[in-house]
Amino acid sequence: MNVSDHLHKPVKTLNGLELHYVGDFAVIVMDRGENRLNTDFLDCFNELMDDVERNSSCKGLITTGKGKFYGNGLDLKWIAGLKSPEMFHEFFVKISLWLKRILVFPLPTLAAINGHAYAGGALMAFAHDLRVQNKEKGWLCFNEVFISRQFQPFHYLYIRTKIGQNYTEAIVLGKRYTGSEALSNGLVHAAPSMSLLLSESVQLLKSFCGKSGYPRESLHLMKCDVYRDVLEQHQRDMSGIGREKKETKIVANDVKSRL
Amino acid sequence: MSVKSSAHLNAPVRNVGTMTLYFVDDIAVIVMDNGENRLNDTFVIAFNELLDDVESNSCRGLITTSVGKFYCNGLDLAWMNEISKEQTRDFFLKFSKLIMRLLLFPVPSLAAVNGHAFAGGALLAITHDLQVQRRDTGWLCFNEVFINKQFIKFHYTLMRTKIGTGHSYTDAVILGKRYTGPEALINGLVHAAPSMPLLLSESIQLLKSFYGKSGYPRESLQLMKSDVYRDVINQYQQDLSEGHIINKGDIIAKKAKL
């Protein structure tokens, strides 16, 4: 059962990323297998976000996946093929800017986690204001600790604000959460069955928006205020990102061990 | 017509305008009775005077509450329309100082939220050590995002500490979620959500359950609060010296005049 079974035809499709509307809410459906993060994914996603922003009657954004995965993290195979350190750096800058964009988006955002959300996929889900997770299947997990990866400093800061007291379990110990576990640990707002994932997500978003929705500028500024420490750290992180030799080596080794 | 909470308050000890100070056993109770109890100079002066009385008394706790539909509905924007820029700036300085005074108050404090607590009123409530909210009506809500307002930096630090991190803080502040008593209880914003007739008595019970027989040594409590809220204090001082507080006053005043 897929979320998009309940949706009408997409308004736009870009390389497996679909943009739909359910009433006043935009829904981006990721239909690219594991929905791994690479330049093409990000470029297409950003374009759809541009469309959503330009639509002045839109009141919120839901993102979801199709099938087994919400997002399984970085596209390590593709990264291993990057030709130069410059391309490497550029890519990591792009991901960071994209995460930041979601974090302070001028509309309320909701990640409807249909399946596995691992590593970068979990980071993506947590950049949203709200999370709803399928209680029947799939894990939410920051498994970086198991694959010898670390986060960027700004990641820790926004995760910490969002997760609160279970920050240790989720990040240090890389605990994996089913929908029900994520709900009882305060990581997600609801854990419906798969067939109700989209409708409950829409309901939840509506319950926050009320009749008129949020004034966009005000919401954006409030997010910038609340995440001020994150944004300041993000600025500092941008100069060094993807340049560390350590990072390149770890990713390369990881790819080797998986292939 | 105002509905008074049915906890049996003794004869009032002091009236300052529409604010009244009572004592119930060893607990001071400040009752606001001015409709929406909007925050303005009159409010701040009266509140501070009654806090002085509480401090100079050997009581062991403080409850603040109101009667009727509102606990506190935020800033008195209509009044701000009438006053000068200087007066507005002055008000914001005084109000910020009051928030800090309440935050670090030398006896444990409890906001018995009898009705709506919006915006500045929600901030006032959350500044107390404990919150109890009426179950059947009234919302607790930081609705600033919906009315194009932002907080001063030290407010965010305060709210983050009090509401905690995790989705309750972001739901409440970024998304301006409004909470009924039971919702506030589930989301960890308040400690209890009794029915209205029990609001005051349960507040008294709750406060007593914290300080036991002898109460807190005042200086110790105040130092502990200063330690725990160190980052709020630091941010407040920075906001003062960098002019953020009067800047906020200017912004509100400008907006209020539209």
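Order of the sequence lines sets the chain letters (A, B, ...), proteins ahead of strands, with each chain counted from 1. The model shown is predicted, which means the values in this text are computed figures rather than measured ones.
In this structure, Leu175(B) CG and Ser207(A) OG are separated by 9.5 Å, a value rounded to the nearest 0.5 Å. Between the OG1 atom of Thr109(A) and the CD1 atom of Ile174(B) there is a distance of 9.0 Å, given to the nearest 0.5 Å. Lys149(B) NZ to Ser218(A) OG: the interatomic distance, rounded to the nearest 0.5 Å, is 9.5 Å. How far OG1 of Thr157(B) is from CZ of Arg228(A): 6.5 Å, rounded to the nearest 0.5 Å.
Residue Phe151(B) comes nearest to Asp225(A) through the heavy atom pair O-OD2, 4.2 Å, listed as atom of the first residue, atom of the second, then distance. Shortest non-hydrogen contact noted between Arg160(B) and Val226(A) is NH1-O, 4.4 Å. Closest approach of Val188(A) to His167(B), counting heavy atoms only: O-NE2, 4.1 Å. Contact record, Val145(B) with Pro215(A): O-CD, 3.6 Å, taken as the closest heavy-atom pair.
Residue contact with chain B, scored on non-hydrogen atoms closer than 4.5 Å, involves the backbone and the side chain of Lys223(A) alike. Proximity to chain B (any heavy atom under 4.5 Å) is restricted, for Leu130(A), to the side chain, taken from C-beta onward. In this structure, the portions of Phe146(B) lying under 4.5 Å from any heavy atom of chain A include both its backbone and its side chain.
At least one side-chain heavy atom of Tyr156(B) sits less than 4.5 Å from a side-chain heavy atom of Met222(A). Using a 4.5 Å heavy-atom threshold, the side chains of Phe208(A) and Asp171(B) count as touching. Between Asp129(A) and Thr170(B), every side-chain heavy-atom pair lies at or beyond the 4.5 Å cut-off.
More than 12 heavy-atom neighbours from other residues, nucleotides or ligands sit within 6.0 angstrom of NZ on Lys208(B). Residue-environment remark: NZ (Lys153(B)) exceeds the threshold of 12 foreign heavy atoms within 6.0 Å. Residue-environment remark: CH2 (Trp98(A)) exceeds the threshold of 12 foreign heavy atoms within 6.0 Å. For Glu242(B), the CD atom is densely surrounded, since the number of other residues' heavy atoms within 6.0 Å is greater than 12.
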